[in-house]
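Okay, structure first, notes after.
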Amino acid sequence: MAHHMISHLLAGKVPVGAEVTVKGWVRTRRDSKAGLSFVQVHDGTCFDPIQVVAPGSLPNYDGEIIRLTAGCSVVCTGTLVESMGKGQAVEIQAAAIEVLGWVDDPETYPMQPKRHSMEYLREVAHLRPRTNTIGAVTRVRNCLAQATHRFFHERGFFWIHTPIITASDCEGAGEMFRVSTLDLANLPRTADGKVDYSQDFFGKESFLTVSGQLNVEAYCCALSRVYTFGPTFRAENSNTSRHLSEFWMIEPEIAFADLSADADLAEEFLRTIFKAVLDERGDDMAFFAQHVQKDALTRLESFVQSSFERMDYGDAVKALEKSGKAFEYPVKWGMDLQSEHERYLCEELCKRPVVVMNYPKDIKAFYMRLNDDGRTVAAMDVLAPGIGEIIGGSQREERLDVLDARIDAMGLPKAGYWWYRDLRRYGTVPHAGFGLGFERAVNYVTGIANIRDVIPFPRAPKSAEF
RNA sequence: UCCUCGGUAGCUCAAUGGUAGAGCAUGCGGCUGUUAACCGCAGGGUUGUAGGUUCGAGUCCUACCCGAGGAGCCA
């Protein structure tokens, strides 16, 4: 049976007086002994539920309607009318309400029409999308994802589906999850007693990817403007509000480009996808501003209008030294910036996102391009107030001899990088890219504090129930 | 992994070492074109787990489990 999306009805896309059907779940029910009930029904298509007025003359009124509780699924058919009450422009005068699914034992139904803590909702991750908060997060997350593909598509980028499984242990971005079909209780051994991975599924050790970057560089050096957008895995035992074991990452890579062009892209990208949220999800953003973070909306509005502060790493260090702040970790050139330093830069000094560029080479990855000063690399971090590092990027080292020297200096296995080095042997070009932690962007936009609340089913150490 | 704080009814939280309570939710009744309605009544508990101290432990001690905030690692 055809039915209407509640978002269409509330947006005025269906004329008053029309016969309509909605299908959804009950939020609340209020009874009037005058002989009618008000049922708030949501279907997830927009923030607001629609009010369905159930007259006592419905054949199942006494038997079913007045027994509806939060969570029941219903099909409501009736006439779209202007509301006689305050609080909504239109409502449905029901001619029939069919109950598809009851809530057995309503007393223990985990989702109640009240405020729940985010920690509690995490324990009922299969039901939390029915809440105002997680519903709004889900729509904003989708909006950001769609805007991401639209942004790149409109600029001639190609979406590259880089592999999830990698047999290369050279990605170098942290602990990896092993992928294996070997019998853990009976591992095959080589003569010298080590695990014999030649008998494993891929004939060698394999893992879940920690980054699509190395693979996407190959396509960048052929299709010029490319990006990845997919899941990424880190087996680090990190227990924070900013880390997940499985998260989604967006990694554009542009050929014939330097670090400055990379920073330009990062800035334009964030502004564009954030503006899409303002344009398309005003209802959800209003909720976040009201119940989650007061300045969520105004901060986003100013974000899309203002430019990022850009700062050389050396200047950032000087600014921190001059700040007069008593940091737990003193600042010194050559050190990586601590969370407290990053927070000072974007939250206090600049009060907006900051791009810190040209870090000391010794604290950055081997593939980042060595600057002419010989002691820094063309790397950048984009720091967002309240989140910290939201983007990390760099211009890549395109000179084979310099790349080899860096691989050797860092004691990495050069042979494993054979195909990555080939990209520098055959028609090498300057290129650059960055990685955006998608969930961190959702955190920033919504004002939701914990990263585990902006992904449907979060995976973290000791946590993979759903 | 380290530091700090926490775990009591379906949910949010009280309870000086001395009879475990409230609000919301649920059920029943009342009232009302209602807006997380309101009023009354009722049911609802192995106080995270396992030990220990004590005449007596939600409360004190030990270990473990889980959660939160911060740190490190990073996106």
Side-chain angles (χ1 to χ4, degrees), chain A residues 27-40 48-56 66-67 69-71 81-88 91 93 103-124 127 131-132 172-175 210-213 228 231-251 266 291 328-329 336-340 342-343 363-365 381-384 387-393 434-444 449-453 455 460-463 465:
Chain A
R27 270 261 159 70
T28 62
R29 185 202 81 231
R30 293 178 296 273
D31 302 324
S32 164
K33 269 294 181 320
L36 66 162
S37 292
F38 301 92
V39 184
Q40 297 284 350
D48 289 309
I50 195 164
Q51 175 161 285
V52 178
V53 183
I66 59 170
R67 288 173 46 221
T69 58
V81 298
E82 286 180 22
S83 179
M84 291 166 61
K86 291 172 186 165
Q88 59 280 319
E91 63 192 18
Q93 190 69 39
V103 167
D104 55 67
D105 196 8
E107 186 173 356
T108 57
Y109 178 60
M111 299 292 100
Q112 294 172 9
K114 56 167 287 190
R115 196 184 187 98
H116 291 291
S117 69
M118 300 306 284
E119 295 79 25
Y120 169 71
L121 290 177
R122 247 169 257 155
E123 295 171 10
V124 285
L127 297 172
T131 62
N132 283 332
E175 293 295 310
V210 294
S211 166
Q213 182 200 316
T228 72
T232 309
F233 307 87
R234 304 272 167 96
E236 255 113 31
N237 189 13
S238 31
N239 223 314
T240 80
S241 58
R242 316 182 290 286
H243 290 87
L244 290 166
S245 306
E246 176 184 279
F247 63 99
W248 287 62
M249 190 149 64
I250 297 164
E251 296 172 290
H291 288 106
E328 189 181 344
Y329 296 89
D336 209 355
L337 299 180
Q338 305 291 314
S339 289
E340 57 179 347
E342 296 180 347
R343 215 177 292 138
I363 58 172
K364 288 294 181 183
D381 282 351
V382 179
L383 313 177
I387 301 292
E389 186 181 340
I390 191 170
I391 281 179
F434 64 79
L436 166 74
F438 186 56
E439 284 76 19
R440 289 188 182 176
V442 183
N443 274 135
Y444 183 77
N450 195 307
I451 199 165
R452 300 181 188 199
D453 302 321
I455 188 167
K462 299 278 179 348
S463 178
E465 172 71 14

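These numbers come from the heavy atoms of this one structure, side chains and all, not from hydrogens, waters or symmetry mates. The sequence lines fix the lettering, A, B, ..., with proteins before strands; numbering per chain opens at 1.
- Contact annotation for A/Thr240: base contact, defined as any heavy-atom pair under 4.0 Å involving a base atom.
- For A/Asn239, the side-chain contact (heavy atoms from CB on, under 4.5 Å) partners are A/Arg452, not counting sequence neighbours.
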- prompt: Nucleotide by nucleotide, 5' to 3', does protein get under 4.0 Å of the base (B), only the sugar-phosphate (S), or neither (-) in nucleotides 2-7 of chain B, counting heavy atoms?
  reply: ------

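- Going from atom CD of A/Glu123 over to atom P of B/rG48 covers 14 Å, rounded to whole Å.
- In the interface, the side chain of A/His243 is paired with the base of B/rC74 through a donor and an acceptor atom under 3.5 Å apart.
- Donor-acceptor pairing under 3.5 Å, judged by distance alone, is absent between the side chain of A/Arg122 and the base of B/rC66.
- Legend: residues meeting side-chain contact (heavy atoms from CB on, under 4.5 Å) with A/Asn132, ordered by chain and number and at least two apart, are A/Arg27, A/Phe47, A/Phe287.
- Under the stacking definition used here (centres under 5.5 Å, planes under 30°), the residue A/Phe38 fails to qualify as stacked on the base of B/rG33.
- Computed from coordinates, the A/Asp31 CG to B/rC38 P distance equals 14 Å when rounded to whole Å.
- A/Gln93 comes within 4.0 angstrom of a nucleotide base, judged by non-hydrogen atoms across all strands.
- Listed pair A/Ser117 / B/rU12 meets the phosphate criterion, a side-chain N or O lying under 4.0 Å from OP1 or OP2.
- With a 4.5 Å cut-off on side-chain heavy atoms, A/Arg440 and A/Phe247 do not count as touching.
- Using a 4.0 Å heavy-atom distance criterion, A/Glu91 is classed as a base contact.
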